[in-house]
Amino acid sequence: MKKSVFLGALTVAGLAAGVAAAGTQDDVKARGKLNCGVTTGLVGFAAPDANGVWQGFDVSVCRAVAAAVLGDANAVEFVPTTGKTRFTALASGEIDMLARNTTWTFSRDVDLKFEFVGINYYDGQGFMVPKALGVSSAKELDGATVCIQTGTTTELNLADFFRKNNISYEPVPVETNAEGQQQYLAGACDTYTTDASGLAATRAAFENPADHVILPEIVSKEPLGPLVRHGDNEWADTVRWTLNALIAAEELGVTSANVGEMSMEAGSSPEVNRLLGTEGNLGEMLGLDADWAKKAIMAGGNYGELFEKNIGENTPIGLARGLNAQWTDGGLLYTPPFR
């Protein structure tokens with residue numbers, strides 16, 4: 001068993017090294033389209049709307065990168081991936097980047113040879129139960145059946161949590177969030193566990209969301225963010241700094257509504273000028289147009305706008321900013337300087 005897992009990791013790593021050498025940024029430009037891996041469907045983060053158009057917080061990161069590189073936020077092919085298929089899709093070159101609730105871990109970074117370019121959502125694993133179950137703490141779930149997505153950090157965290165609390169559980173494996181939701185609502189499991197943001201998104205899609213409770217325990221750290229293959233530094237820089245541009249824009253007061261005006265204002269701060277390409281040569285350093293970041297911000301807005309529109313407190317998902325607030329507001333969001 002150990003040998004096959006080891007060889008599997010080597011295969012993924014080998015694929016990644018081979019594909020990365022080709023130069024992803026040049027490939028994307030030549031193709032005229034970004035191939036972006038997303039989840040199979042998690043409302044608020046990545047899901048097709050009634051017209052089949054992909055929408056969501058993670059989807060917006062893909063669109064921002066497409067806008068920065070190609071000048072067109074709609075030049076994206078969205079490739080749905082599961083917890084099991086996502087890494088192979090990235091390593092093989094089927095997708096150029098992965099932007100789906102994926103946790104940055106040591107082994108994924110080092111052993112699987114991927115490059116996490118930043119964190120777009122600070123999360124942690126939680127548990128959802130039917131209110132009728134009468135449970136108020138995850139520590140009361142001794143003997144519970146648990147719906148759990150395979151191929152995820154959630155599986156390992158679940159085992160750790162129950163072992164640490166000396167309680168037992170019976171796993172009910174599922175491949176996708178949709179299957180997990182279906183099994184949970186059908187009563188095939190007592191509780192569904194995944195990232196707390198995923199639970200909020202899942203519950204929002206229920207007919208009667210108020211009949212279900214997300215328990216207070218957060219049992220892990222799940223820093224979620226986009227990733228690319230190792231060994232293609234130019235592409236990693238482009239995706240990293242596009243995400244940084246969205247975060248910095250919020251801190252600097254640059255929005256989708258005022259970005260045009262601010263890029264023409266003589267009185268804007270030097271950092272705003274560098275960000276928007278009216279001063280310095282940051283775009284040239286990335287092999288992009290001077291206004292690459294301006295295009296990324298115009299695609300859907302700055303980080304705060306994307307958060308509020310897709311998953312914020314005024315949406316059915318109803319997530320507070322919490323750790324995902326700017327550092328100036330007591331959160332963890334902080335980017336290196338644009339200089």
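Scope of the values below: all heavy atoms of this structure, side chains included, with no hydrogens, waters or symmetry mates. Since the model is a prediction, treat every value here as computed from it, not as a measurement.
- Crowding of Asn314 atom CG: a count of heavy atoms from other residues, nucleotides or ligands under 6.0 Å not exceeding 12.
- Note: the hydrophobic cluster containing Ile214 does not contain Val219 (ILVMFWY, side chain heavy atoms under 4.5 Å, direct or indirect links).
- By the 4.5 Å heavy-atom criterion applied to side chains, Cys62 and Val38 are counted as neighbours.
- Follow the hydrophobic side-chain contacts under 4.5 Å out from Val135 and you never reach Ile218; the two are in separate clusters.
- Side-chain contact, Ser220 with Glu222: a donor N or O sits under 3.5 Å from an acceptor N or O.
- Counting all heavy atoms, side chain and backbone alike, Glu305 lies closest to Gly300 at CB-O, 4.3 Å.
- Here the side chains of Val43 and Ile317 are in contact, with some heavy-atom distance below 4.5 Å.
- Counting only distance, with no hydrogens or angles, the side chain of Asn35 and the backbone of Asp96 share no donor-acceptor pair below 3.5 Å.
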Could you give me the CA-CA distance, side-chain angles and deciding distance for Asp190 and Val146, then say whether side chain to side chain contact (heavy atoms under 4.5 Å, CB included) is met?
CA-CA 6 Å; Asp190 299 312; Val146 184; over 6 Å; no
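- Residue Asp289 holds its CG atom at 11.0 Å from CD of Glu284, rounded to the nearest 0.5 Å.
- For Asp329, the CG atom counts as densely surrounded, since its 6.0 Å shell holds more than 12 non-hydrogen atoms of other residues, nucleotides or ligands.
- A pairwise comparison of heavy atoms in Glu115 and Ala236 identifies CG-CB, 4.1 Å as the closest pair.
- With hydrogens and angles left out, the side-chain atoms of Glu155 and Thr150 include no donor and acceptor closer than 3.5 Å.
- In this structure a side-chain-to-backbone donor-acceptor pair under 3.5 Å is missing from His230 to Leu112.
- With Asp58 as reference, Asn120 is the one residue of Asn120, Asn310, Thr39 to meet the side chain to side chain donor-acceptor pair (under 3.5 Å) rule.
- In this structure, Ser197 and Ile311 have side chains that are not in contact, with every pair of non-hydrogen atoms separated by 4.5 Å or more.
- Between the side chain of Gln326 and the backbone N or O of Ile247, at least one donor-acceptor pair lies under 3.5 Å.
- Within the structure, every pair that satisfies the side chain to side chain donor-acceptor pair (under 3.5 Å) test and touches residues 207-216, not counting sequence neighbours, is listed here: Tyr184-His212.
- Side-chain atoms of Asn258 come within 3.5 Å of backbone N or O of Gly253 as a donor-acceptor pair.
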Could you go through the ring pair (Phe, Tyr, Trp, His ring centres under 6.0 Å) check for Tyr303 and Phe57 one step at a time?
CA-CA 9 Å; Tyr303 180 93; Phe57 189 63; 5.5 Å; yes
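- With sequence neighbours excluded, no residue forms a ring-ring contact (aromatic ring centres under 6.0 Å, His included) with Tyr122.
- The distance from atom CG of Leu332 to atom CG of Asn324, rounded to the nearest 0.5 Å, is 7.5 Å.
- The backbone N or O of Val259 lies less than 3.5 Å from no partner atom in the side chain of Lys294, so there is not a single donor-acceptor pair.
- Distance CG/Asp237 to CD/Gln25: 9.0 Å, rounded to 0.5 Å.
- A donor-acceptor contact under 3.5 angstrom links the side chains of Trp327 and Glu251, judged on distance only.
- Applying the ring-ring contact (aromatic ring centres under 6.0 Å, His included) rule to Trp241 yields the partners Phe338; only residues at least two apart in sequence or on another chain are considered.
- Checking side-chain atoms of Asp195 against main-chain N and O of Asp123 turns up no donor-acceptor pair under 3.5 Å.
- Taking hydrophobic clusters as Ile, Leu, Val, Met, Phe, Trp and Tyr residues chained together by side-chain heavy-atom distances below 4.5 Å, Leu156 does not share a cluster with Leu158.
- Looking only at distances, a side-chain donor or acceptor of Arg86 sits under 3.5 Å from a matching main-chain atom of Gly83.
- The two atoms that bring Gly301 and Leu246 nearest to each other are O-CD2, 3.6 Å, heavy atoms only.
- By the 6.0 Å and 45° rule, Arg108 does not stack over the aromatic ring of Phe116.
- No salt bridge links Glu217 with Lys139; every basic N to acidic carboxylate O contact stays at or beyond 4.0 Å.
- Nearest heavy atoms, Ala245 versus Leu275: CB-CD1, 3.9 Å.
- Taking 4.5 Å as the limit, every side-chain heavy atom of Tyr169 sits out of range of all side-chain heavy atoms of Arg163.
- When atom types are taken as modelled, the side chain of Thr191 and the backbone of Met128 share a donor-acceptor pair closer than 3.5 angstrom.
- The hydrophobic clustering, which links ILVMFWY residues whose side-chain heavy atoms are closer than 4.5 Å, places Leu42 and Ile148 apart.
- Rounding to the nearest 0.5 Å places SG of Cys36 at 7.5 Å from CG of Leu98.
- For the 3.5 Å distance criterion, the side chains of Gln125 and Thr193 qualify, holding a donor opposite an acceptor.
- For the pair Arg229/Leu90, a side-chain contact is recorded, criterion being any heavy-atom separation below 4.5 Å from C-beta on.
- A heavy-atom distance below 4.5 Å is not found between the side chains of Val76 and Trp54.
- Here CZ of Arg203 is found 12.5 Å from CD of Gln181. Values are rounded to the nearest 0.5 Å.
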Arg63 and Phe78: side chain to side chain contact (heavy atoms under 4.5 Å, CB included), yes or no, with the steps?
CA-CA 10 Å; Arg63 294 199 189 280; Phe78 291 100; 3.5 Å; yes
Does the pair Leu141 and Val129 meet the rule for a side chain to side chain contact (heavy atoms under 4.5 Å, CB included), with working shown?
CA-CA 10 Å; Leu141 292 172; Val129 296; 4.2 Å; yes
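- When every heavy atom of Tyr192 is checked against every heavy atom of Thr176, the shortest pair comes out as OH-O, 4.5 Å.
- The shortest distance between side-chain heavy atoms of Cys147 and Val172 falls below 4.5 Å.
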Apply side chain to side chain contact (heavy atoms under 4.5 Å, CB included) to Trp292 and Thr242, showing your working.
CA-CA 8 Å; Trp292 63 279; Thr242 300; 4.0 Å; yes
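- Considering only heavy atoms from C-beta on, Glu308 comes within 4.5 Å of Arg321 through its side chain.
- Transitive grouping of hydrophobic side chains (ILVMFWY, heavy atoms separated by less than 4.5 Å) keeps Tyr334 and Leu224 in distinct clusters.
- In summary, the side chains of Asn302 and Thr255 do not present any donor paired with an acceptor at a separation below 3.5 Å, with no hydrogens or angles considered.
- Note that CD1 of Ile297 and OG of Ser256 are 9.5 Å apart. Values are rounded to the nearest 0.5 Å.
- Checked for salt-bridge contact, Lys29 and Glu234 miss the test: no charged N lies under 4.0 Å from a carboxylate O.
- Although no hydrogens or angles enter the test, the distance criterion places a donor-acceptor pair under 3.5 Å between the side chain of Arg100 and the main chain of Thr81.
- Contact between Ala67 and Ala299 at its shortest, heavy atoms only, is CB-CB, 4.0 Å.
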